Structures are given as C-alpha cells and as structure tokens.
Undergrad: 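Just passing along the structure, written as structure tokens.
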Amino acid sequence: GENVEQHPSTLSVQEGDSAVIKCTYSDSASNYFPWYKQELGKRPQLIIDIRSNVGEKKDQRIAVTLNKTAKHFSLHITETQPEDSAVYFCAASRYGTSYGKLTFGQGTILTVHP
Amino acid sequence: EPEVTQTPSHQVTQMGQEVILRCVPISNHLYFYWYRQILGQKVEFLVSFYNNEISEKSEIFDDQFSVERPDGSNFTLKIRSTKLEDSAMYFCASSTGTSNEQFFGPGTRLTVL
C-alpha cells in the first residue's frame, strides 16, 4: 500500500520567514496530494491540494510543488505569521479508483515566532 | 458553509464496552470515511463507505468495528468491545466524489479506561 514520509517533524521559523515541508510517497498511482492544517484540538482543514497533472499550484502565501518522477511534493509558506503555527499533514490518494482513501504523513509541527 | 458534525465530542468508556460514534456528513456528499488519530500521531484511515456499503477498509478495521448509515443523514462507527488501544480521536469525513476534497468533522475523543 501507499506510504507517505514527511519531513521535518518540527520546524521553527521567525515571523516573515519562509517555511518548507517535504513529503515523499511510494505509490506511483497516487494522483491527488492535499495538505491539511490542524490546530490544537481541532479538525484537519484542507489548505491546498494538487493533482498529478499539475506541477505547481499557488494560493496567496501558500504553494505546493509536485515532482512525479521523484515521487515527492512540498508545501511552501512565504511571509509566515504567528497564526500559521499548527501541525501540517501531507497526504496522498488515488482519486477515481480507490474511493479516495487518504494516506497521511507523520505531520510537521510548525512554530512561527513573532 | 456546510460542515461535517460529530457527536459526542468526548466519550469515556470502560474496556470491553460498546461505543457508537455518530457523524452527520455534508448533505450532498456521497463518500464517507472514518479516520483515527492517536494522540501525537498521524491520521490513519479506517474505512470508506459508498452506496451503502464498505468500499475499502484498513488493517485496523477488524471485526470489532462496523459502520452503518441508518438513515439519510447519519453515519456511525461502532466498536463492539473497546480496548485500551482504541483510545484516540476519531474523525469522520465526507466528499462529493466528483472532487476528492474530503471535509473533516471536529472529531470524537474516545477514552477507554
């Protein structure tokens, strides 16, 4: 089955800096890669996603890049703010063939210091 | 904006007891999921449900677990005989199927004593 590895496990940055979180996946058939933000005690919230037919997607300060050949994808947050502090999870799934089961990475605790 | 809801928010039970966790998915969604998250760990897939039957389940989802959609709105997860290691946050999620975006509920924290 699919295995998703996520690094780093913790990331500490100063406000205004950029943050990058990286994930690798094992199943070359995976074609949908969402990123979720989870604040303490709250539900995971989708912040951005990318499909395998696209190499990069951007939404304001957040961007995701995908390298299908290398089977890795990354989350980039620019101009970080203290409210970006949370746990970020990457995930992978095979959209269209397996009812969309998400396989999650281990999570990255992002701390943005004011 | 419509949201997935779950009840209860926190359930405490004794080992060996049965629990039922309830979810109300978003009304026009067709695919339903249960995930669990042990404290401090990643979110793990348990089961997916479509067209009134299980479409996929993980190794975690053994004979002690079952899911049901008893009516047009609720989606339940039953654990027949809880074990200490079942203590976790259980998230329900739903999606339309035309988009793979899954919307998560707020979770039920299950504590087995």
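Keep in mind that this is a model prediction, so the values were computed, not measured. Residue numbers begin at 1 in each chain, while the letters A, B, ... track the order of the sequences.
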Undergrad: Against chain A, label B:Glu101 side chain, backbone, both or neither, depending on which of its atoms sit under 4.5 Å from a heavy atom there.
TA: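 Both parts, backbone and side chain.
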
Undergrad: Within a radius of less than 6.0 Å around CD of B:Glu85, do more than 12 heavy atoms belonging to other residues, nucleotides or ligands occur?
TA: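 More than 12 within 6.0 Å, yes.
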
Undergrad: Need one label for A:Pro34: side chain, backbone, both or neither, based on atoms under 4.5 Å from any heavy atom in chain B.
TA: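 For A:Pro34, there is no contact with chain B at all, as no heavy atom is under 4.5 Å.
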
Undergrad: Measuring only between side-chain heavy atoms, which start at C-beta, is A:Phe104 closer than 4.5 Å to B:Phe45?
TA: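 No; the side chains remain at least 4.5 Å from each other.
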
Undergrad: Under 3.5 Å, is there a donor-acceptor pair linking the side chains of A:Gln38 and B:Gln37?
TA: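 A donor-acceptor contact under 3.5 Å links the two side chains.
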
Undergrad: Taking the side chain as everything from C-beta on, heavy atoms only, tell me whether A:Arg43 gets closer than 4.5 Å to B:Phe103.
TA: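 No. Closest side-chain heavy atoms not under 4.5 Å.
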
Undergrad: Please state whether the side chain, the backbone, both or neither of B:Phe49 comes within less than 4.5 Å of a heavy atom of chain A.
TA: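 For B:Phe49, no heavy atom lies under 4.5 Å from chain A.
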
Undergrad: To the nearest 0.5 Å, how far apart are CG in A:Leu102 and CD in B:Glu44?
TA: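 Interatomic distance, A:Leu102 CG to B:Glu44 CD, rounded to 0.5 Å: 13.5 Å.
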
Undergrad: Would you say NZ of A:Lys71 has more than 12 non-hydrogen atoms from neighbouring residues, nucleotides or ligands within 6.0 angstrom?
TA: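 It does: A:Lys71 NZ has more than 12 such atoms within range.
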
Undergrad: For B:Leu39, does the CG atom sit with more than 12 other heavy atoms under 6.0 Å from it, leaving out its own atoms?
TA: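 Count not over threshold, so no.
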
Undergrad: With clusters defined by side-chain heavy atoms of hydrophobic residues (ILVMFWY) lying less than 4.5 Å apart, directly or transitively, does A:Leu11 cluster with A:Val87?
TA: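 Shared cluster, no.
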
Undergrad: Any chance NZ of B:Lys42 has more than 12 other-residue heavy atoms, nucleotides or ligands included, within less than 6.0 Å?
TA: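 Enclosed: over 12 neighbouring heavy atoms sit under 6.0 Å from NZ of B:Lys42.
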
Undergrad: Can you tell me if B:Asp71 has over 12 outside heavy atoms packed within less than 6.0 Å of its CG?
TA: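 It does: B:Asp71 CG has more than 12 such atoms within range.
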
Undergrad: For B:Phe104 and A:Tyr36, I'd like to know if the aromatic rings sit close, meaning centre-to-centre distance below 6.0 Å.
TA: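 So the answer is yes for these two rings.
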
Undergrad: Taking the side chain as everything from C-beta on, heavy atoms only, tell me whether B:Ser48 gets closer than 4.5 Å to A:Lys101.
TA: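 SC-SC contact between B:Ser48 and A:Lys101 ruled out.
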
Undergrad: Quick one: does any side-chain atom of B:Gln102 pair with a main-chain N or O of A:Gly100 as donor and acceptor, under 3.5 Å?
TA: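 Here the side-chain-to-backbone pair exists.
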
Undergrad: Flag yes if more than 12 heavy atoms outside B:Lys83 fall under 6.0 Å of its NZ atom; otherwise flag no.
TA: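 More than 12 heavy atoms, drawn from other residues, nucleotides or ligands, come within 6.0 Å of this atom.
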
